[in-house]
Asks: 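The structure that follows is given in the form of structure tokens.
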Amino acid sequence: MKYQKYYDLIKEQAEHYDRPQNCQIGQTWQYHLLPVINNAIMLAEKYGADRDIVEVSALFHDYANLLDFANSDNHHVLGAELAGAILTKDGYDDNFVSRVKGCILNHRASVVRDKYSIEEICVADADAVSHMDSVVELICWRAYLGEDIMTANNFVKKKIQKSYAKMSAETKELTKEKYDSIMRILF
């Protein structure tokens, strides 16, 4: 695999992240990170984006969170800088690094920013789609954190609504049926 080094790095860091989050080890990788990567690659192929930019960006999109969840509010900014430093050290050219950083910087639903490339759209949309793919995992995660059912439900409902709202029109159309079904289930 072309980016195996980065897959290994992110998967290992996700395991460290799961411990203080009171998650089953591997949960973050299996139910969020890997789905984001797979969705991003699928969208890159569908929309004609640069697969390498999208794949590496999806790998690193939550890297700062994985290092320390205290970075959550600013993880898109810090993550872009951390990924940029790693990629620069590994010899990637400035254009590649800049485009990856742009994707990471612009992936969040709670910090809506203009998307300047199809690659940025793919990564942001893939992150949003992963939340819809893992609704049960999100509810379980909130329960692991000690939230009651209504609080967990409200958190997840708002997260899904924000995720759907940030999607491109094309990806909204692809996921509309799933979104509508999820909204009917959450109370």
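These numbers were taken from a predicted model, which means no experiment stands behind them.
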Asks: Do Asp148 and Thr151 have side-chain N/O donor and acceptor atoms under 3.5 Å apart?
Replies: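 Judged by distance alone, the side chains do pair up.
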Asks: Rounded to the nearest 0.5 Å, what separation is found between the CG atom of Leu82 and the CG atom of Leu67?
Replies: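 Rounded to the nearest 0.5 Å, the CG-CG separation comes out at 6.0 Å.
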Asks: Between the side chains of Lys172 and Asp125, is the shortest nitrogen-to-carboxylate-oxygen separation below 4.0 Å, so that they form an ion pair?
Replies: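 No, Asp125 and Lys172 are not salt-bridged.
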Asks: Looking at every heavy atom in both Lys2 and Asp52, which two are closest together, and how far apart are they?
Replies: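 Residues Lys2 and Asp52, closest heavy atoms: NZ-OD2, 3.1 Å.
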Asks: Under a 4.0 Å threshold between the charged nitrogen and the carboxylate oxygen, would Asp133 count as salt-bridged to Lys178?
Replies: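 Looking at Asp133 together with Lys178, the answer is yes, because their closest N to O distance falls below 4.0 Å.
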Asks: Quick check: closest heavy atoms across Ile104 and Gly79, and the distance to 0.1 Å?
Replies: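 That would be CG2-C, 3.8 Å.
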Asks: Quick check for you: to the nearest 0.5 Å, what is the distance between Thr28 atom OG1 and Arg19 atom CZ?
Replies: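 Output value for this atom pair is 11.5 Å.
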Asks: If you compare all heavy atoms of Lys101 against all heavy atoms of Ala80, which two are closest, and at what distance to 0.1 Å?
Replies: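 Closest pair (atom of Lys101, atom of Ala80, distance): CG-O, 3.2 Å.
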Asks: Please report the closest heavy-atom contact between Val123 and Ser57, naming both atoms and the distance.
Replies: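 Residues Val123 and Ser57, closest heavy atoms: CG2-CB, 3.7 Å.
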Asks: Please determine which of His131, His75, His76 meets the ring-ring contact (aromatic ring centres under 6.0 Å, His included) test together with His107.
Replies: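 The residue from His131, His75, His76 that satisfies ring-ring contact (aromatic ring centres under 6.0 Å, His included) with His107 turns out to be His75.
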Asks: Do Arg184 and Asp180 meet the salt-bridge criterion of a basic N to acidic O distance under 4.0 Å?
Replies: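 Between Arg184 and Asp180 there is no salt bridge, as every charged N stays at least 4.0 Å from the carboxylate O atoms.
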Asks: Taking the side chain as everything from C-beta on, heavy atoms only, tell me whether Trp29 gets closer than 4.5 Å to Ile10.
Replies: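 In short, these two side chains touch, coming nearer than 4.5 Å.
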Asks: When rounded to the nearest 0.5 angstrom, what is the spacing between CD1 in Ile149 and CG in Asn154?
Replies: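 CG of Asn154 is found 12.0 Å from CD1 of Ile149.
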Asks: For the side-chain contact (heavy atoms from CB on, under 4.5 Å) test, which of Ile37, Asp62, Asn65, Leu138 pairs with His32?
Replies: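 Among Ile37, Asp62, Asn65, Leu138, the one meeting side-chain contact (heavy atoms from CB on, under 4.5 Å) with His32 is Asp62.
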Asks: How close do Leu33 and Ala14 get, heavy atom to heavy atom, and via which atoms?
Replies: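 That closest heavy-atom pairing would be CD1-CB, 3.7 Å.
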Asks: Would you kindly say whether Ser130 and Tyr31 are connected by a side-chain donor-acceptor distance under 3.5 Å?
Replies: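 Tyr31 and Ser130 do not have a side-chain donor-acceptor pair below 3.5 Å.
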Asks: Identify the residue among Tyr6, Tyr3, Tyr7 that makes a side chain to side chain donor-acceptor pair (under 3.5 Å) with Glu55.
Replies: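 Going through Tyr6, Tyr3, Tyr7 one by one, the side chain to side chain donor-acceptor pair (under 3.5 Å) with Glu55 is satisfied by Tyr7 alone.
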Asks: If we ignore angles and hydrogens, is there a donor and acceptor under 3.5 Å between the side chains of His61 and Asp127?
Replies: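 Side chains of His61 and Asp127: pair found under 3.5 Å.
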Asks: So, for Ala152 and Arg142, which heavy atoms are closest and what is the spacing to 0.1 Å?
Replies: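 That closest heavy-atom pairing would be CB-CB, 3.6 Å.
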Asks: If we count only N and O atoms by modelled type, under 3.5 Å, do the side chains of Gln27 and Asp18 hold a donor and an acceptor together?
Replies: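 Not at all, the side chains of Gln27 and Asp18 share no donor-acceptor pair under 3.5 Å.
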Asks: Roughly how far, to the nearest 0.5 Å, is the CD1 atom of Ile53 from the OG atom of Ser98?
Replies: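 Going from the OG atom of Ser98 to the CD1 atom of Ile53 covers 9.0 Å.
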